Amino acid sequence: MWISRHHADVIKRLRSLPGQTTPEFPGAIRALIEDLPDPENILSQVLSRDRLDRQVRFCALYGLLLRLRREERHTEYEHVVARYGKQFDREPYFATFRAIAERNRGDVESLRKAVRFSRQAANDMPDVAGVVHQLAVFMAEYFERKLDPASKTEVAEAERHVDKAIILTDGHIAHYHETKARILAIRRDFDSARVSITRAIELEPRSGRDYYRRLTQYQTTRTRIDLMEQQSRWNDMQETSRRELVEFRAQQLQLLGLLAAVVALIATGGNIASQSKPSDAIVLIEVMAGAVVIVFSAFSLMTSRSWGRILVSFAAGIALVVVPHIFGR
């Protein structure tokens, strides 16, 4: 059987992989899987051999889960993680497996758990770019899904992690830039987000097996950025309209109060004038009219930009108040 003849060679290659906490490990095991004609079958056989040393079997588990994730076989992925949890839960990478299994469920609470597991893995392997990036991308997805907006501190943490992942890989990993674009869009820096997603499209290797899948993902992210910008503008317009409506209602209430006071003043003044001599009544009515003009002119200062007309009205009101006292007696 073909697998039997090459089984020992595969085990040897798994045993010679760099340590799993080193930055070289993810790339090395991916390269190994790419060389295998039937990686799922071979790695499953290696994993099932309990007599093999622990590290070889864990590398086989890593490769198998990587294959299942690439093919988006989420239910199988979760079952494999649950099956081997007791055997390998102390391995540093196992927290990333749990994070991916939680993320694959899709609900917001599971995404929150995925972020927690990813943060644990990033603390254990701070120099492994893929682990640091996983925390950033799961945080971005969590922010996009939860109802209340992410705080500036949370967004800054996610951006800090994706920037670290980009630096650790000298900026050569395309989908890290896509994650950066998503975080920038959450921060409402849409122009910079477009620059990052364009960078991701340019960097994605055209000879890679996942090229078209990645390209579709990047175009979807670009569309999401446009939609988020439109939503942001719409929210700003709604907030402006709401604020203007509140101010308008306050002004209307003030105006109603002012009109009530003016009506009371006119009624009181008319009652007093009816009981006074004609000359005194005329003076009182003029003063009352001047007071009304002054009050409405002062109120207009809060709602009108026509300062010239307001000043003319204000001067006319003062004249109606002052002139009767100067010439009225």
Side-chain angles (χ1 to χ4, degrees), residues 22-34 62-63 65-74 77 93 95-97 99-104 106 111 114-115 117-119 121-122 125-145 150 155-187 189-228:
T22 63
E24 294 79 18
F25 175 77
I29 195 168
R30 281 175 171 81
L32 187 153
I33 295 171
E34 292 290 338
Y62 185 107
L65 290 174
L66 182 63
R67 182 74 175 185
L68 295 176
R69 184 186 184 188
R70 177 175 290 174
E71 296 178 356
E72 298 187 2
R73 294 155 62 183
H74 301 325
Y77 189 104
Y93 263 106
T96 68
F97 303 158
I100 294 169
E102 291 290 346
R103 179 262 179 189
N104 289 343
L111 280 171
V115 170
F117 284 125
S118 295
R119 186 176 284 113
M125 295 179 284
D127 296 325
V128 180
V131 174
V132 176
H133 172 259
Q134 184 187 83
L135 173 57
V137 71
F138 285 176
M139 290 183 74
E141 189 167 349
Y142 176 59
F143 297 157
E144 292 168 351
R145 293 286 306 280
V155 177
E157 180 189 2
E159 188 172 5
R160 185 169 63 252
H161 286 298
V162 75
D163 286 341
K164 181 177 180 180
I166 291 172
I167 291 172
L168 287 171
T169 55
D170 296 323
H172 294 156
I173 305 299
H175 62 277
Y176 291 7
H177 292 276
E178 186 236 356
T179 302
K180 172 78 170 181
R182 293 170 65 181
I183 295 172
L184 289 170
I186 294 170
R187 192 156 60 82
D189 188 355
F190 300 108
D191 289 338
S192 298
R194 290 189 180 91
V195 171
S196 291
I197 195 62
T198 300
R199 180 65 174 160
I201 294 172
E202 291 174 348
L203 286 175
E204 186 63 34
R206 286 164 174 76
S207 59
R209 177 182 297 180
D210 296 329
Y211 174 70
Y212 291 105
R213 180 177 65 87
R214 293 279 193 192
L215 192 62
T216 301
Q217 178 180 330
Y218 299 157
Q219 295 295 349
T220 301
T221 298
R222 174 177 279 174
T223 302
R224 184 189 294 121
I225 292 169
D226 293 337
L227 292 175
M228 290 176 69

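Predicted model only: the values in this text are computed from it and were never measured.
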For the atom pair [atom1] ([X]) and [atom2] ([Y]), what is the distance rounded to the nearest 0.5 Å?
{"X": "T179", "Y": "H161", "atom1": "OG1", "atom2": "NE2", "value": "13.0 Å"}
{"X": "R73", "Y": "N104", "atom1": "CZ", "atom2": "CG", "value": "13.0 Å"}
{"X": "I197", "Y": "R222", "atom1": "CD1", "atom2": "CZ", "value": "7.0 Å"}
{"X": "D189", "Y": "I225", "atom1": "CG", "atom2": "CD1", "value": "10.0 Å"}
{"X": "R213", "Y": "E204", "atom1": "CZ", "atom2": "CD", "value": "9.0 Å"}
{"X": "M228", "Y": "T223", "atom1": "CE", "atom2": "OG1", "value": "13.0 Å"}

Residues R182, F143; criterion side chain to side chain contact (heavy atoms under 4.5 Å, CB included); working and verdict | CA-CA 10 Å; R182 293 170 65 181; F143 297 157; over 6 Å; no
Residues F138, F117; criterion ring pair (Phe, Tyr, Trp, His ring centres under 6.0 Å); working and verdict = CA-CA 10 Å; F138 285 176; F117 284 125; over 10 Å; no
Would you call [X] and [Y] a salt bridge, taking side-chain N to carboxylate O under 4.0 Å as the test?
{"X": "R224", "Y": "E178", "value": "no"}
{"X": "D191", "Y": "R194", "value": "yes"}
{"X": "E71", "Y": "R67", "value": "yes"}

Kindly determine whether H177 and I201 satisfy side chain to side chain contact (heavy atoms under 4.5 Å, CB included), including the steps that lead there.
-> CA-CA 9 Å; H177 292 276; I201 294 172; over 6 Å; no
For [X] and [Y], which heavy atoms make the closest approach, and how far apart are they?
{"X": "I33", "Y": "G63", "result": "CD1-CA, 3.2 Å"}
{"X": "S196", "Y": "L184", "result": "OG-CD1, 3.6 Å"}
{"X": "S118", "Y": "L135", "result": "CB-CA, 3.7 Å"}
{"X": "D127", "Y": "P23", "result": "O-CG, 3.6 Å"}
{"X": "F190", "Y": "A185", "result": "CE2-O, 3.5 Å"}
{"X": "A136", "Y": "A158", "result": "CB-O, 3.7 Å"}

Y176 and H133 aromatic ring geometry - parallel, tilted or perpendicular at 30°/60° bounds = parallel
Would the number of heavy atoms belonging to other residues, nucleotides or ligands and lying under 6.0 Å from OH of Y211 be above 12?
-> yes
List the steps, then state whether side chain to side chain contact (heavy atoms under 4.5 Å, CB included) holds for V115 with E102.
-> CA-CA 9 Å; V115 170; E102 291 290 346; over 6 Å; no
Side chain of K164, backbone of P126: donor and acceptor closer than 3.5 Å?
-> yes
Y218: what forms a ring-ring contact (aromatic ring centres under 6.0 Å, His included) with it, not counting sequence neighbours?
-> none
Do E157 and R119 pass the side chain to side chain contact (heavy atoms under 4.5 Å, CB included) test, and can you show the C-alpha distance, the side-chain angles, and the key distance before you say yes or no?
-> CA-CA 11 Å; E157 180 189 2; R119 186 176 284 113; 3.1 Å; yes
Tell me, do I183 and V155 make a side-chain contact under 4.5 Å, heavy atoms counted?
-> yes
